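These notes concern the structure reproduced below.
In this chain, residues are counted from 1 in sequence order. Note that the structure is a prediction, hence the values are computed from the model and not measured.
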Amino acid sequence: MQTLTATKEIKKKSQIITGAEAVILSLLEEGTETIFGYPGGAIMPIYDSLYGYQDRLKHVLTRHEQGAIHAAQGFARVSNMPGVVFATSGPGATNLITGLADAKIDSTPLVCITGQVPFSLLGTDAFQETDVISLSMPVTKWNYQVTKPEEIPAAIAKAFYIASSGRPGPVLIDITKDAQFASLSYDYKKCQGFRSYNPSPRIDENKVKEAAELINNAKRPYILFGQGVILSEAEKEFQAFVEKTGIPAAWTLLGLSALPTDHPLNVGMLGMHGNYGPNKLTNQCDVLIAVGMRFDDRVTGNLARYAKQAKVIHLEIDPAEINKNVKTDVPILGDAKKSLQMLIEQCHANEHTDWLEQFEELNDLEYKKVIQNELNPDKEGLTMGEVIRRVNDLTDGDAVIVTDVGQHQMVACRYAKFKKTKSNITSGGLGTMGFCLPAALGAKLGAPERQVVGVIGDGGFQMTLQELGTIFQTQAAVKIIILNNEFLGMVRQWQQLFFDKRYSSTELVNPDFVAVTKGFGIEASSVAERENLDVGLKTMFDHQGPYLLEVKVEKEDNVFPMVPSGASVDEIRLE
């Protein structure tokens with residue numbers, strides 16, 4: 001087991017309090033204002049201490065621990081502050097695992113605190129005992145089990161530092177019940193670093209010079225940008241870099257909103273259901289500049305045929321991502337904000353008009369064959385794309401849009417318009433159905449001044465619909481749109497295209513979503529006809545509190561373009 005010691009700067013004289021109260025005071029020291037959680041026996045002392053601090057700490061009682069951690073993710077993603085989660089031992093702790101895995105792969109900072117059985121019962125299979133440290137180790141950036149009260153302040157300080165620094169991620173602290181009851185001499189010192197952990201590597205100036213030389217001499221340079229731009233708060237620097245160099249830039253799923261979607265050099269979305277030009281021309285660029293992205297398989301397609309003609313420059317803070325999937329010619333290891341500042345100074349002002357026109361030509365082709373009919377359909381039934389188009393019109397690109405996982409996610413991310421950063425909240429790497437509803441709640445609590453719209457499929461909605469109870473209790477004014485096609489749509493699309501339309505276990509017999517929602521005390525309505533869509537959306541947006549709108553869409557619409565599994569990105573299909 002690791003050991004934790006307070007730094008020498010901590011004062012020797014201090015107040016005597018319980019371990020449980022030390023947890024609460026330590027969270028306040030870190031600026032925590034909101035906690036998502038669910039009480040239980042092993043964490044009851046911490047909840048008892050929380051009772052005395054309700055004027056300073058808002059606790060959101062979710063209806064399931066998975067709801068708590070997804071809500072904390074939504075909160076963290078809009079605020080760039082760590083989401084904080086409480087859960088009890090055993091099933092309470094294991095219910096966090098999916099959210100931890102989601103946060104780990106999507107680089108979301110979380111501090112999760114779980115209760116544990118008393119130290120004397122560890123390893124005895126006591127009631128609600130689970131080895132959460134072993135279970136969570138692969139899906140956390142760091143975890144630690146506290147068995148003595150005096151360890152609590154330093155553990156929490158270290159947790160916040162690790163969660164927020166470098167490439168962010170989730171951490172978990174498991175605290176035995178006796179450590180919560182026992183007393184300690186309390187002092188708090190924020191963690192400023194520790195040996196063996198270097199979250200912000202020193203940027204190699206020679207690598208920056210090499211990268212600038214490649215960029216300055218490139219004929220067909222191409223930028224791919226991901227969430228690293230947002231996490232490092234480098235949006236201004238990134239836009240300045242794009243504009244100075246005149247290079248077309250395409251975004252990953254989590255990079256969306258780092259650059260305004262209507263920017264003339266923003267050429268669209270990468271990946272399996274991304275735009276035609278950005279995928280097709282990946283294999284024609286001569287210099288590929290990746291900023292804060294990890295070359296996920298949904299972006300690269302077949303690695304054996306991915307950008308083999310290009311020199312690759314990779315700006316990345318996590319050394320594990322360099323050369324992991326794509327061979328890098330010039331790695332720039334470090335914080336994206338600082339790396340871009342240095343790169344801008346050495347790059348020449350340039351334009352790549354002819355190269356940019358190639359993107360425009362291919363995207364025009366996509367518009368004619370796919371987008372036009374998706375946004376302005378001539379078919380009888382409603383499409384998901386036209387719903388998103390009207391949401392854009394009514395929110396003017398200022399809303400935070402939270403999506404679940406599936407066809408609606410790809411459609412929303414393809415067609416949503418954003419003017420502001422931190423506006424696209426979705427489950428990327430893990431692809432967690434059930435993410436949207438609690439994450440939308442968390443996003444609204446993290447950015448109460450912004451309009452938050454949850455766009456969700458009928459399948460994912462039913463995985464965490466119990467969080468309607470949390471939304472009702474908090475009265476968070478989340479707007480929820482269910483795009484209901486009565487299928488697990490993405491799986492059905494694959495079954496149609498690659499399994500001869502054998503729709504095995506993908507058709508859903510759904511409940512009355514409006515009745516269910518009203519049963520939770522939330523206003524709701526349903527739309528099935530095009531002529532009623534605008535009225536339905538306006539009613540939702542005009543409503544002062546939370547509101548759910550079910551939109552019944554075409555059952556067997558597919559999302560195109562599409563890069564088939566195992567194919568190269570330049571084999572993207574328009575139909």
Side-chain angles (χ1 to χ4, degrees), residues 78 221-230 233-271 273-281 289 291-293 340 350-376 383-403 409-426 447 450-453 455 537 541 559 561:
V78 297
Y222 185 23
I223 297 169
L224 315 181
F225 64 96
Q227 189 186 203
V229 175
I230 297 171
E233 299 186 310
E235 294 92 342
K236 289 182 179 179
E237 289 80 4
F238 179 71
Q239 185 166 334
F241 171 64
V242 170
E243 291 174 349
K244 183 177 183 179
T245 59
I247 301 173
W251 37 269
T252 68
L253 190 66
L254 297 183
L256 175 56
S257 83
L259 185 69
T261 48
D262 62 357
H263 192 284
L265 290 169
N266 187 335
V267 294
M269 177 177 167
L270 296 162
H273 290 287
N275 293 112
Y276 194 58
N279 279 289
K280 197 85 173 172
L281 294 178
I289 307 128
V291 184
M293 55 87 73
L340 286 165
N350 209 338
E351 292 182 353
H352 297 278
T353 307
D354 292 343
W355 173 232
L356 186 60
E357 284 178 358
Q358 292 185 48
F359 286 90
E360 292 170 351
E361 288 170 5
L362 291 176
N363 284 342
D364 284 345
L365 178 62
E366 179 186 346
Y367 183 84
K368 292 173 183 175
K369 289 200 170 187
V370 178
I371 298 174
Q372 182 172 283
N373 193 47
E374 182 70 22
L375 299 186
N376 300 285
T383 68
M384 291 181 278
E386 67 180 308
V387 179
I388 301 303
R389 176 177 62 83
R390 291 302 294 140
V391 170
N392 289 333
D393 294 341
L394 293 169
T395 61
D396 196 29
D398 285 331
V400 175
I401 295 182
V402 186
T403 52
Q409 175 192 34
M410 294 295 101
V411 170
C413 291
R414 279 173 52 79
Y415 298 132
K417 304 297 182 186
F418 296 117
K419 295 178 180 178
K420 300 177 181 177
T421 187
K422 301 184 183 74
S423 294
N424 172 56
I425 311 299
T426 195
R450 299 192 66 184
Q451 181 76 266
V452 175
V453 184
V455 179
L537 287 169
F541 285 122
V559 183

#### Entry: Residues Gln227, Met293; criterion side-chain contact (heavy atoms from CB on, under 4.5 Å); working and verdict
CA-CA 7 Å; Gln227 189 186 203; Met293 55 87 73; over 6 Å; no
### Query
Can you check whether Phe418's main-chain N or O pairs, donor with acceptor, with Thr261's side chain at less than 3.5 Å?
yes
### Task
Might you point out which heavy atoms bring Leu362 and Gly277 nearest each other, and give the distance in Å?
CB-CA, 3.7 Å
### Message
I'd like to know whether Leu224 forms a side-chain contact (heavy atoms from CB on, under 4.5 Å) with Ile289, so could you lay out the CA-CA distance, the side-chain angles of the two residues, the decisive distance to 0.1 Å, and finally the verdict.
### Response
CA-CA 6 Å; Leu224 315 181; Ile289 307 128; over 6 Å; no
### Task
Under the side chain to side chain donor-acceptor pair (under 3.5 Å) rule, collect the residues that match up with Glu237, sequence neighbours excluded.
Lys337, Gln341
### Query
Between the side chain of Asn275 and the main-chain N/O of Asn363, is any donor-acceptor distance below 3.5 Å?
no
### Query
Taking side chain as C-beta onward, heavy atoms only, is Phe238 less than 4.5 Å from Val291?
yes
### Task
To the nearest 0.5 angstrom, please state how far the OG1 atom of Thr395 sits from the CD1 atom of Ile388.
9.5 Å
### Query
Got a sec, which residues hit salt bridge (charged side-chain N to carboxylate O under 4.0 Å, His left out) with Lys420, two or more places apart in sequence or on another chain?
none
### Task
Look at the aromatic rings of Tyr222 and Trp355 and report parallel, tilted or perpendicular, splitting at 30° and 60°.
perpendicular
### Task
Measure the CD-CE distance between Glu374 and Met384 for me, rounded to the nearest 0.5 Å.
6.5 Å
### Query
Out of curiosity, Leu256 CG to Arg414 CZ, how far, rounded to the nearest 0.5 Å?
12.0 Å
### Message
Using only atom types and a distance under 3.5 Å, with no angle test, would you say the side chain of Glu386 pairs donor to acceptor with the backbone of Thr383?
### Response
yes
### Task
Nearest 0.5 Å please: distance from the CD atom of Gln451 over to the CG atom of Asp396.
12.0 Å
### Task
Taking His273 for its side chain and Val411 for its backbone only, find out whether a donor-acceptor pair lies under 3.5 Å.
no
#### Entry: Student check: side-chain heavy atoms of Cys413 and Leu253 closer than 4.5 Å
yes
### Query
For Ala399 and Val453, which heavy atoms make the closest approach, and how far apart are they?
CB-CG2, 4.3 Å
### Query
Can you tell me if Asn350 uses its side chain to pair, donor with acceptor, with the backbone of Lys244 under 3.5 Å?
no
### Message
Less than 4.5 Å apart, side chain to side chain, heavy atoms only: is that true for Leu265 and Ile247?
### Response
no
### Flag, side chain of Asp398 to backbone of Lys419, donor-acceptor distance under 3.5 Å
no
### Query
Where the side chain of Thr403 meets the backbone of Thr426, is there a donor-acceptor pair that is under 3.5 Å apart?
no
### Task
Report yes or no: does Ser257 contribute a side-chain atom to a donor-acceptor pair with the main-chain N or O of Thr421 at less than 3.5 Å?
no
### Min side-chain heavy-atom separation Ile230-Lys422 under 4.5 Å
yes
### Query
Is the shortest heavy-atom distance from the side chain of Val455 to the side chain of Val402 under 4.5 Å?
no
### Task
Would you sort out whether Met269 and Asn279 count as a side-chain contact (heavy atoms from CB on, under 4.5 Å), showing the intermediate values?
CA-CA 8 Å; Met269 177 177 167; Asn279 279 289; over 6 Å; no
### Query
To the nearest 0.5 Å, what is the distance between CD (Gln239) and CZ (Phe225)?
10.0 Å
### Message
Main chain of Tyr367, side chain of Gln372: is a donor-acceptor contact present, judged purely on distance under 3.5 Å?
### Response
no
### Message
What's the separation between atom CD in Gln409 and atom CG in Asn424, rounded to the nearest 0.5 Å?
### Response
8.5 Å
### Task
Apply the test side-chain contact (heavy atoms from CB on, under 4.5 Å) to residues Gln358 and Leu281: give CA-CA distance (whole Å), side-chain angles for both, the deciding distance (0.1 Å), then the verdict.
CA-CA 8 Å; Gln358 292 185 48; Leu281 294 178; 3.9 Å; yes
### Message
Please identify which of these residues, Asn266, Ile223, Val229, meets the side-chain contact (heavy atoms from CB on, under 4.5 Å) condition with Leu259.
### Response
Asn266
### Task
Verify, without hydrogens or angle tests, whether His352 (side chain) and Pro248 (backbone) share a donor-acceptor contact under 3.5 angstrom.
no
